[in-house]
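Below you'll find the structure, written out as structure tokens, and then a few comments.
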2 protein chains.
Amino acid sequence: MSIDRHLLLLGLLRAQEMHGYQLNEFIDQQMNFCVDLKRSTAYYLLDKLCRDGYVAEEVEREGNRPERRVYRITPAGEVHFQDLLRQNLSTYVPPVYAEDIGAIFEHHLAAEESLRLLNARREAIQSHRARLEVLHARLPISHTAVIEHHLLHLDAEITWVDQMIAARSTPSPLKIAHHVAPDDPPARHE
Amino acid sequence: MSIDRHLLLLGLLRAQEMHGYQLNEFIDQQMNFCVDLKRSTAYYLLDKLCRDGYVAEEVEREGNRPERRVYRITPAGEVHFQDLLRQNLSTYVPPVYAEDIGAIFEHHLAAEESLRLLNARREAIQSHRARLEVLHARLPISHTAVIEHHLLHLDAEITWVDQMIAARSTPSPLKIAHHVAPDDPPARHE
DNA sequence: AGAGATATACTCAGTTCTGATTATTCAACT
DNA sequence: AGTTGAATAATCAGAACTGAGTATATCTCT
């Protein structure tokens, strides 16, 4: 949702006025592990926040360098920030997990290949988790909660992959209702 | 990522040729708990898959009803489906969690309000979890793995919220480095 | 001091996504 | 038999997003 990106930018500009490039550098260096925001998207969002009156733009000219738009949060932006923050903290919007789609169609592959692929994923998760643990030490204490959050979900993900692998390893636990199509048969009328 | 939506549509059309409305009905009724795909987006994607040659469109005219484009997967689409499925199963793309952004700025609120908001979120997660458990019984066995997946992540999420609540409940565990700004100070040059 | 590489700072055209709307058919009711 | 309301089926303008590109400044090495 774009609204959380608004919250992010407002929160950062609230702590310190910045121009687009500076903001992008900060996000890339400090927050790449928890936000996915392309540079051009950040510029787009800054412009959007500006048009909506939540931040003010001021052209800065340092030395002989030409433009450089510096953004600072406005009073309206401060109010909006608080609204978005309260909204964010008090609700839960279930994310969409890409893995679900694969899980739905996984049985179309041979068990052997399926297991090979799922094991590859398991390793990918593990190595991602290892990278996060390294970050844990390198990043400021303010990020600890976010890292813990990711670690919890990564562990959940590993548990799930292991369940999938286990289910695929045993030939077929029990096939009572063998007449029910294993896939999704959307056939209705006609 | 749009690529998983492609996988979804190809997978569904693979099982059964369909027109857009039919596809949307199916997704809304059977998969709303794990995919978020607007109706107009589905039409857009069908058109895209068609332009890319992965599905073929055939205008159907039943009775005096006019339009109604029926989509059927092509051989190229079948190959693409398998590619996307293997890609999906063998990799892990860490999702972006909206809650992270709130966690980063949470300390800007008074502890009391923060706790109230987080408790509201905790209830939201719990009630979502309860809804899922109900679905568990109602949906076909093919969805079991996906539901288990969500339940695992929901439990992780509850654990994390509880950690946040606990951390905010105790006044302030230890404040050794009190000179370090609790927020993100992106100031560098200039 | 000039050439090439890297860093700074942003723009733009094209893609993807969605809320609002259109248009027709069918069922139900008066 | 006409009117209202729901269901069916899809379109479209506009918003959100991004990869590729532009342009200047500074740094490095010879």
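Every chain is numbered from 1, with letters handed out A, B, ... down the list of sequences.
- Taking every side-chain heavy atom of Y44(B) into account, dT16(C) is the closest of dT16(C), dT18(C), dC10(C).
- Ranked by how close their nearest DNA chain D nucleotide is to the 5' end, H6(A) and S40(A) are led by H6(A).
- In this entry the distance linking CD of Q22(A) with C1' of dA9(C) reads 12 Å, nearest Å.
- Taking atom CZ of residue R39(B) and atom P of nucleotide dT8(D), one finds them 9 Å apart after rounding to whole Å.
- Among the nucleotides dA9(D), dT11(D), dC10(C), the one closest to the side chain of R68(A) is dC10(C).
- Look at H19(A) and you won't find any side-chain N or O under 4.0 angstrom from OP1 or OP2 of dC10(C).
- Among the heavy atoms of the strands lying under 4.0 Å from S2(B) are primed sugar atoms or P, OP1, OP2 only; no base atom is included.
- Electrostatic pairing of D47(B) and R69(B) does not count as a salt bridge here, judged by no charged N lying under 4.0 Å from a carboxylate O.
- Proximity note for K38(B) (side chain, C-beta onward) versus dT18(C), dT18(D), dA9(C): the nearest is dT18(C).
- Two residues, G20(A) and D36(B), neighbour DNA chain C, and the one matched to the more 5' nucleotide by heavy-atom proximity is G20(A).
- Between the C1' atom of dA9(D) and the OH atom of Y71(B) lies a distance of 11 Å, rounded to the nearest Å.
- As a whole-Å value, the separation of I3(A) CD1 from dA15(D) C1' is 13 Å.
- Between H19(A) and Y21(A), the angle of the ring planes stays under 30°, which puts this pair in the parallel group of the 30/60° scheme.
- Following chains of ILVMFWY side-chain contacts shorter than 4.5 Å, one cannot reach L7(A) starting from V79(A), and the two form parts of different hydrophobic clusters.
- Aromatic ring orientation, Y54(A) versus H80(A): parallel (interplanar angle below 30°, classes split at 30° and 60°).
- When rounded to the nearest whole Å, the span between CD of E57(A) and C1' of dC10(C) equals 12 Å.
- The side chain of Y21(B) lies closest to dA7(D), out of dC17(D), dA7(D), dG19(D).
- Nearest nucleotide to the K48(A) side chain, out of dA16(D), dC17(C), dT11(C): dA16(D).
- L45(A) places its CG atom 14 Å from the P atom of dA15(D), with the value rounded to the nearest Å.
- Between the P atom of dT18(D) and the CG atom of N24(A) lies a distance of 12 Å, rounded to the nearest Å.
- A 6.0 Å sphere centred on CD of E113(A) holds more than 12 heavy atoms belonging to other residues, nucleotides or ligands.
- An OP1 or OP2 oxygen of dA10(D) is reached within less than 4.0 angstrom by a side-chain nitrogen or oxygen of Y43(B).
- Within the 4.0 angstrom heavy-atom criterion, only backbone atoms of the sugar-phosphate kind lie near R5(A); the bases stay farther away.
- Rounded to an integer number of Å, the gap from CG of L46(B) to P of dC17(C) is 13 Å.
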